Undergrad: 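Structure provided below as structure tokens; questions to follow.
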There are 2 protein chains.
Amino acid sequence: MTKKVSLSTGLKQLLEKGDKMYQTGLSVDTVIFGFHENVLKILVLNIQYSQKRALPGGFIKINEPVEDAAYRVLQERTGVANIFLQQFDVFSNPTRSDASIHQSRYKDYGVKIPKDNWLLQRFITIGFYALIDYTEVKTSDSKLDAEHCEWVDIHKLDSMIMDHKEIVFKALESLRTQLAYTPIGKNLLPKKFTMPELQKLYETILDQKLDRRNFQRKMISFGILNKLNETRKGGAHKAPFLYTFNDKKYQKALKEGLYGSW
Amino acid sequence: MTKKVSLSTGLKQLLEKGDKMYQTGLSVDTVIFGFHENVLKILVLNIQYSQKRALPGGFIKINEPVEDAAYRVLQERTGVANIFLQQFDVFSNPTRSDASIHQSRYKDYGVKIPKDNWLLQRFITIGFYALIDYTEVKTSDSKLDAEHCEWVDIHKLDSMIMDHKEIVFKALESLRTQLAYTPIGKNLLPKKFTMPELQKLYETILDQKLDRRNFQRKMISFGILNKLNETRKGGAHKAPFLYTFNDKKYQKALKEGLYGSW
DNA sequence: GCAAAAGTGTTAACTGTACACCCATGT
DNA sequence: ACATGGGTGTACAGTTAACACTTTTGC
């Protein structure tokens, strides 16, 4: 992260030259899902001088595909590569933008954004969701950062700016639909995981209990798992076996779907 | 449609004031599906001075939701209201734009578009597909129109401008996926239709033969059809019964899916 | 040894698929 | 009458769902 002075320089450039560097009126917002302590969480930004939170988002560079822009945002916030990213909707309500958010960001430096500045125009945003291994993300621990990143339980997202709560809701809806015909665990779990862990993940996303035995059989029948000869010791009771995803088959299932269509 | 003079005025305004009226760098393109003579067709534009065809598309007005923009395009081209419209993807390859298409459109009027004009900038387009009752569309019959609309068999789309063929392909792919968990016939068929007609529609979209009897049972089991006490006379052989969609249940199925999720 | 969690097996219910048969209509 | 397409029924197979039993581990 940067200090106040250089941040100010960056903000100044954004204000004055942003419309030459970026596609005006367009942004990407990413709903970054992670799984931790049996809870589905998303990575959100705490907005300075506001109780509200925001989705990590950014602008699209001239000559940049939107997927790259979303990936760039993700990298900046999580430092993780090889992330599952999925575009799921476009949000274009003309009243969704909120000039005050940008204004308060600049107020501190004594700058008032001119009314006709590109930042204050109406923005259409393209929504992506990402699935990411919680353990691989190094969120900055300093609460002092102007834009501090934080994992928040999906059920405890009370106040978010603009339409960001709607975006999260839609992302979750898409994720649930995806779950039915696409493998998803690989991106949300550590390399090695147990069957109960995988099941908890599914149950959390679907918000529903699943039968332990049938779940195991179904998962194995998909043929995307490698069973290891190790067990997860340490927990009370019987030690469950560890699994990894079979990369080749996983990728194949991602492309063709778990059931191979009609 | 308008004459050359007023068209020129419209084009002039587009060139000079378009960036004040529309979201720059953003467009919508619509893949309009229709079903006729047992063939899945889409409505395309014949580009003047070109052998290539284009998808009906347009720009997004300042303060207009993208869905409204897509709907506007649809209305302009088909005159039909109450259309099923679905956003399915965003196309943002930086090299997808083609300045020559805009240039040749203006060349006729002796106008050369300045290099820095908004029309020649990179455009990101939001793809929609529409399902529409073929019989309700009045395509202008005059082949003289600058932008003549035409129904074309989905399998006979050889040359299209830019990435429009890819857009059609992706739309078809989405439609096929949708088919599995959403009712779709309502928008592609006349009010009254027979079971064999509905089946042909499904077979055409899926590009696959389906069992006559099982299809019928499955459709009826969805509970979205009203069987009428009329039959479609005229054809050879036994007259099939006519059906309509049960609007209430159809709308419910659209929202909740045909199977009600997990 | 006991409680709690994990592994494996069995059966019943349901769904999808593949047919067979009968009926109506135009030639 | 017969060829063709449409309507209805049934039987089998494959899948899903429900549940029982055994094994392992920490206390």
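Just so it is clear, the structure is predicted and the values come from calculations on it, not from any experiment. Here is how names work: the chains are called A, B, and so on, in the same order as the sequence lines, proteins then strands, and each is numbered from 1.
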Undergrad: Output yes when at least one side-chain N/O atom of A/K227 is less than 4.0 Å from OP1 or OP2 of C/dA6, else no.
TA: no
Undergrad: Are the side chain of B/S50 and the backbone N or O of B/K52 linked by a donor-acceptor pair below 3.5 Å?
TA: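 Yes, the answer is positive, given that a donor and an acceptor are paired below the 3.5 Å cut-off.
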Undergrad: Side chain of A/P240: nearest nucleotide among C/dG7, D/dT4, C/dT17?
TA: C/dG7
Undergrad: Using whole Å, what does the distance between atom P of nucleotide D/dA18 and atom CG of A/D211 come to?
TA: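 After rounding, the gap between these two atoms is 8 Å.
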Undergrad: So, A/K186 side chain and A/Y250 main chain: donor-acceptor pair closer than 3.5 Å or not?
TA: no
Undergrad: What about A/R232: does its side chain form a donor-acceptor pair under 3.5 Å with the base of C/dA6?
TA: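 Side chain to base: no pair below 3.5 Å.
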Undergrad: With a 4.0 Å limit, can you tell me whether A/Q216 has a side-chain N or O closer than that to the phosphate oxygens OP1/OP2 of C/dA6?
TA: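 No, no such contact exists.
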Undergrad: Using whole Å, report how far CG of A/N214 lies from C1' of D/dC19.
TA: 9 Å
Undergrad: Want to settle it: does A/R213 or A/K233 sit nearer the 5' end of DNA chain D, counting the closest nucleotide to each?
TA: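 Counting from the 5' end, the first nearest nucleotide belongs to A/R213.
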Undergrad: Could you check which of C/dA20, C/dC23, D/dA17 has an atom nearest any side-chain atom of B/K238?
TA: C/dC23
Undergrad: Could you state the CE-P distance from B/M219 to C/dG16, rounded to the nearest angstrom?
TA: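 From B/M219 CE to C/dG16 P: 12 Å.
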Undergrad: Provide, to the nearest angstrom, the distance between the CZ atom belonging to A/F222 and the C1' atom belonging to D/dT16.
TA: 12 Å
Undergrad: Please state how far atom OH in A/Y243 lies from atom P in C/dA6, giving the value in whole angstrom units.
TA: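 Going from OH in A/Y243 over to P in C/dA6 covers 12 Å.
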Undergrad: Could you pick out which residue, A/I220 or B/H237, lies toward the 5' side of DNA chain C when each is mapped onto its nearest nucleotide?
TA: A/I220
Undergrad: Which of these, B/L43, B/L45, B/I42, B/N46, sits in a side-chain contact (heavy atoms from CB on, under 4.5 Å) with B/E150?
TA: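 Of B/L43, B/L45, B/I42, B/N46, side-chain contact (heavy atoms from CB on, under 4.5 Å) with B/E150 is met by B/N46 alone.
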Undergrad: Should we say atom NZ of B/K200 is surrounded by more than 12 heavy atoms from elsewhere, each under 6.0 Å from it?
TA: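 Atom NZ in B/K200 is not crowded, with 12 or fewer foreign heavy atoms closer than 6.0 Å.
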Undergrad: Measure from CZ on B/F241 to P on C/dC23 and round the result to the nearest Å.
TA: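 That distance rounds to 14 Å.
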Undergrad: Could you state the atom-to-atom distance from CD of A/Q199 to C1' of C/dA6 in whole Å?
TA: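 Computing the A/Q199:CD to C/dA6:C1' distance gives 11 Å.
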Undergrad: Is there side-chain contact between A/L242 and A/F193, with heavy atoms separated by less than 4.5 Å?
TA: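 No. Closest side-chain heavy atoms not under 4.5 Å.
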Undergrad: Rounded to the Å, how far apart are B/L198 CG and D/dG7 C1'?
TA: 16 Å
Undergrad: Any N or O donor-acceptor pair linking the side chain of A/R212 to the base of C/dG7 at under 3.5 Å?
TA: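 Result: at least one qualifying N/O pair found.
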